Amino acid sequence: DDEDREERERMERDHEAAQQELRDMVVGAEKEVQDVQDQLTTVEERLSFESAESAGKIQAQQKELQTLKEQVDAQEEAHANLVDMHMRDMAEYRRKVEEERGALVA
């Protein structure tokens, strides 16, 4: 009936909005990961050109590199979590749609 159709349409709109938000978050996370990877490349390039005389500077840069690597790892994990969450949301949405189809047929 109209009430069920309106509820289903609202659920679909809410789901699409949530999916778009997740897609935006994933794109943002991917950009952050790329930015940090670019920073890592820059630091690695700088490290490769440092002389042995600047050991203190090299140690500081190695520490910075390690921090950046940890940031990349954390952002990659966050990205993977977002993807997992999106996949669970999609599975839940499909399950609800199948339940509604079953209810409509019955």
Side-chain angles (χ1 to χ4, degrees):
D1 69 352
D2 284 346
E3 214 173 277
D4 289 340
R5 182 179 46 76
E6 288 174 7
E7 176 65 16
R8 202 167 39 256
E9 288 173 357
R10 185 194 62 75
M11 282 177 56
E12 288 174 6
R13 281 192 307 273
D14 290 350
H15 181 72
E16 183 54 40
Q19 279 186 308
Q20 185 59 48
E21 186 176 337
L22 275 173
R23 284 191 292 265
D24 293 346
M25 290 170 67
V26 167
V27 167
E30 288 172 343
K31 174 150 182 19
E32 288 177 20
V33 167
Q34 185 59 50
D35 290 347
V36 172
Q37 286 174 333
D38 291 347
Q39 290 174 11
L40 266 175
T41 300
T42 300
V43 170
E44 287 170 339
E45 288 169 355
R46 281 197 325 242
L47 282 173
S48 69
F49 292 109
E50 292 296 331
S51 71
E53 297 170 335
S54 58
K57 185 176 180 183
I58 289 173
Q59 284 181 340
Q61 288 175 333
Q62 286 173 332
K63 194 179 259 186
E64 179 184 0
L65 178 61
Q66 182 59 38
T67 299
L68 290 171
K69 285 180 179 177
E70 290 168 3
Q71 288 175 355
V72 167
D73 290 345
Q75 288 176 344
E76 286 176 340
E77 181 178 341
H79 177 253
N81 289 339
L82 284 173
V83 170
D84 288 347
M85 188 168 64
H86 174 70
M87 297 306 284
R88 285 192 303 273
D89 286 351
M90 287 300 299
E92 178 66 18
Y93 176 73
R94 285 189 198 103
R95 185 189 62 74
K96 286 181 181 178
V97 167
E98 291 301 322
E99 282 179 5
E100 287 182 15
R101 283 188 186 145
L104 290 175
V105 170

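Heavy atoms only: backbone and side chains are in, while hydrogens, waters and symmetry mates are out. No experiment lies behind these values; they were computed from the predicted model shown.
The residue from Q19, R88, E12 that alone fulfils the side chain to side chain contact (heavy atoms under 4.5 Å, CB included) condition with Y93 is E12.
Using a 4.0 Å cut-off between charged side-chain N and carboxylate O, K31 and D35 make a salt bridge. The existence of a salt bridge linking R95 and E92 is confirmed by a sub-4.0 Å separation between a basic side-chain nitrogen and an acidic carboxylate oxygen. Residues R10 and D14 are paired through a salt bridge, judged by an N-O separation under 4.0 Å between the basic side chain and the carboxylate. No salt bridge links R13 with E16; every basic N to acidic carboxylate O contact stays at or beyond 4.0 Å. Using a 4.0 Å cut-off between charged nitrogen and carboxylate oxygen, R94 and E98 do not count as a salt-bridge pair.
Within a 6.0 Å sphere centred on CE of M87, heavy atoms belonging to other residues, nucleotides or ligands number 12 at most. Atom CD of E99 is surrounded by more than 12 heavy atoms from other residues, nucleotides or ligands within 6.0 Å.
The two residues V33 and E76 make their nearest non-hydrogen contact at CG2-N, 4.0 Å. The two residues Q75 and V36 make their nearest non-hydrogen contact at OE1-CG2, 3.5 Å. The minimum heavy-atom distance between L82 and V26, with the atom names listed, is CB-CG2, 3.9 Å.
Side-chain N/O atoms of E30 and Q34 include no donor and acceptor closer than 3.5 Å. Side-chain contact annotation: D24 with Q20, donor-acceptor N/O pair under 3.5 Å present.
Between N81 and E77 the shortest side-chain heavy-atom distance falls below 4.5 Å. Within the 4.5 Å cutoff, the side chain of K96 has no heavy atoms near those of the H15 side chain. Between R5 and R8, the closest side-chain pair of non-hydrogen atoms falls below 4.5 Å.
Atom CD of residue Q71 and atom CG of residue L40 lie 8.5 Å apart, to the nearest 0.5 angstrom. Interatomic distance, L68 CG to E44 CD, rounded to the nearest 0.5 Å: 9.5 Å.
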Applying side chain to side chain donor-acceptor pair (under 3.5 Å), run through Q66 and Q62 and close with a yes or a no. CA-CA 6 Å; Q66 182 59 38; Q62 286 173 332; over 6 Å; no
Between Q61 and L65, does a side-chain contact (heavy atoms from CB on, under 4.5 Å) hold up when you go through it step by step? CA-CA 6 Å; Q61 288 175 333; L65 178 61; over 6 Å; no
